[in-house]
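Structure record follows, encoded as structure tokens.
Order of the sequence lines sets the chain letters (A, B, ...), proteins ahead of strands, with each chain counted from 1.
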Amino acid sequence: MTATETEQAQLRRFRITRRRPGAERSRVEEFDVAVGPWTTLLDALREIRSHQDRSLTLRYSCCHASCGTCGMRANGREVLACVTPLASLGAGPVTVEPLANARVEHDLVVDMRDLYEGLEPTGRPLIRQDEQLAGQRQPGPAFARFEDCLECGLCVSACPITGSDPLYLGPAALASAWRTVAEPRDADPSQVLAWVDDEQGCWRCHASFECTEVCPSGVDPAGAVMALRRELTRRKLGRVTMRGRRRR
Amino acid sequence: MVADLKEARQPAPAQRGRGGTTAWILQVVSGVLLVVLLGAHIVTQHFIVKGGLRDYAQVVSYLSNPVVLAVESLFVVVLIWHAMLGLRAVLLDFGFGPRGQARITYAVTALGAVTAAYSFWLIATIAAKG
Amino acid sequence: MSATARAGRPARRPLRGAVGWARGRHLGSVAFLTNRVTGLLLIGYLYLHLGVLYLLTEGSGSWASVLHLFKNHWFLGLESLLILFILVHGLNGLRLALVGTGVGVRHQRAWFAAAAWVSAGLYVLVVLAMFGVV
């Protein structure tokens, strides 16, 4: 910290939920860290790890909200620690917990495999450079945001249904499914639509919009789920009224 | 590594969903109908007759009108349908597999049928007293 | 089903039990919670109501005795609360009918505010009408 920041440094208390690998229960441990006006949550956690408790386990990588690795809950809210200034977390002690709706592996590190595997069925939106050169359509601004998904898991943690229903596809997978439907890029969207048309698919969502509220990347998963529902409703009504012969 | 990137990026969901669009459409339609039917029911039961609520004779007389009978019957069916679909939605949030879902659907359908049967019996019995 | 569940392995995540869904803090979660609670209470009321109506099959005497109870001011107050639940559930339900089918999703917060205000306004009218002021 600079000289000015040292003058302004205060002690901030952190109550961190910790769990050893394979342990049945978690415990809460308190740490006090000298913080300045610009200190982020990640800065403070690294400070604890560097100077107070080497065993504190967490994930981080890019430190600028690009990799999606440092997701956790601060004062009950899903955040990316690297871009969460402590100044935004009120004045009192900060409660730090791992993401919800994912198995805790160690302290603040959770098992992300459900999330990653859930995204696989929607295909990988990769474009080869030679295809770009061959004049293939580039993603327009309306669709680029779906590819902004960092796979950080904040939406899955915030979703109320993911917590009670082990079979729910979840906001991340559904947002990715919508991307495939909205911009197929020579893939077949009907398979993905058929996949999400399930009581544990897009119809399980109850429009709490928590996923969209916490997404650090502007993906709007709730909007994606509703768009999938609109598309499925339109197709079903089209079949029923026999008016839906136009190809979308 | 995959040989053909084009193949790797195709969506390949493991299986088809079992649907849910119809249940949603029914929930929406029944809900919208209820805004009218339930609204009408509350107004006619609470705010039409002097004193608000109807006494026995007034109830019997009210049900003697065939239009009233038809509307109240429709109201009962739509209400029970919406309630059962809602109950089913709450239960499905707890992640039952295909067999569990089928059982829940069957159970709410049965409950709905019994409730409707009782309701129609009520209406018929009271109307007959007129 | 989740991809892992469909692959034959159960999802690995821990569940938060029967009230885990009530965690959310934003407007959408408030709407969800309100609709769920009012919906379940209204189902309870439905069966209570159907039970009470049985008295009508027993003749005017039975009905008259409960009617006296229902016209009591405290009871009317409770009934007005019931109507408030119906208003909230119905108006937020209209919001869900739209938003949940992908219509007007961007305005979902505004829809909820509108539903809340209209419910409040209609509730005031109902109370006034019930207590004979209107």
Quiz item: Which atom pair, heavy atoms only, marks the closest approach of Gly20(B) to Asp197(A)?
Solution: N-OD1, 3.3 Å
Exercise. Kindly compute the distance separating CG (Asp165(A)) from CG (Asp93(B)), expressed to the nearest 0.5 Å.
Key: 6.5 Å
Quiz prompt | Spacing of NZ belonging to Lys236(A) relative to CH2 belonging to Trp24(B), to within rounding of 0.5 Å | solution = 15.0 Å
Quiz prompt | Residue pair Arg88(B), Glu199(A): steps toward the side-chain contact (heavy atoms from CB on, under 4.5 Å) verdict | solution = CA-CA 11 Å; Arg88(B) 174 177 173 270; Glu199(A) 288 289 359; 3.1 Å; yes
Exercise. Under 4.5 Å, heavy atom to heavy atom: which of residues 204-214 of chain A reach chain B? Give them by number, or say none.
Key: Arg204(A), His206(A)
Quiz item: Quick one: is the NZ or CZ of Arg16(B) closer than 6.0 Å to the six-membered ring centre of Trp195(A), and within 45° of its axis?
Solution: no
Practice problem: Measure the OH-CG distance between Tyr168(A) and Leu92(B) for me, rounded to the nearest 0.5 Å. | Solution: 13.0 Å
Practice problem: Examine distances only and state if a side-chain atom of Thr21(B) and a backbone atom of Leu232(A) form a donor-acceptor pair shorter than 3.5 Å. | Solution: no
Practice problem: Sort Ile25(B) into side chain, backbone, both or neither according to what part of it lies under 4.5 angstrom from a heavy atom of chain A. | Solution: side chain
Self-check item: Heavy-atom proximity to chain B below 4.5 Å, by part of Val196(A)
Solution: neither
Quiz prompt | Heavy atoms from other residues, nucleotides or ligands near CZ of Arg27(A) exceed 12 (cutoff 6.0 Å) | solution = yes
Quiz item: Between Asp198(A) (side chain) and Arg18(B) (backbone), is there a donor-acceptor pair under 3.5 Å?
Solution: yes
Quiz item: Using non-hydrogen atoms only, which part of Ala89(B) is less than 4.5 Å away from chain A: side chain, backbone, both, or neither?
Solution: both
Quiz item: Of the backbone (N, CA, C, O) and the side chain (C-beta and beyond), which part of Thr180(A) lies under 4.5 Å from a heavy atom of chain B, both, or neither?
Solution: side chain
Self-check item: For Pro166(A) against Gly95(B), the heavy-atom pair lying closest together
Solution: CD-CA, 4.0 Å
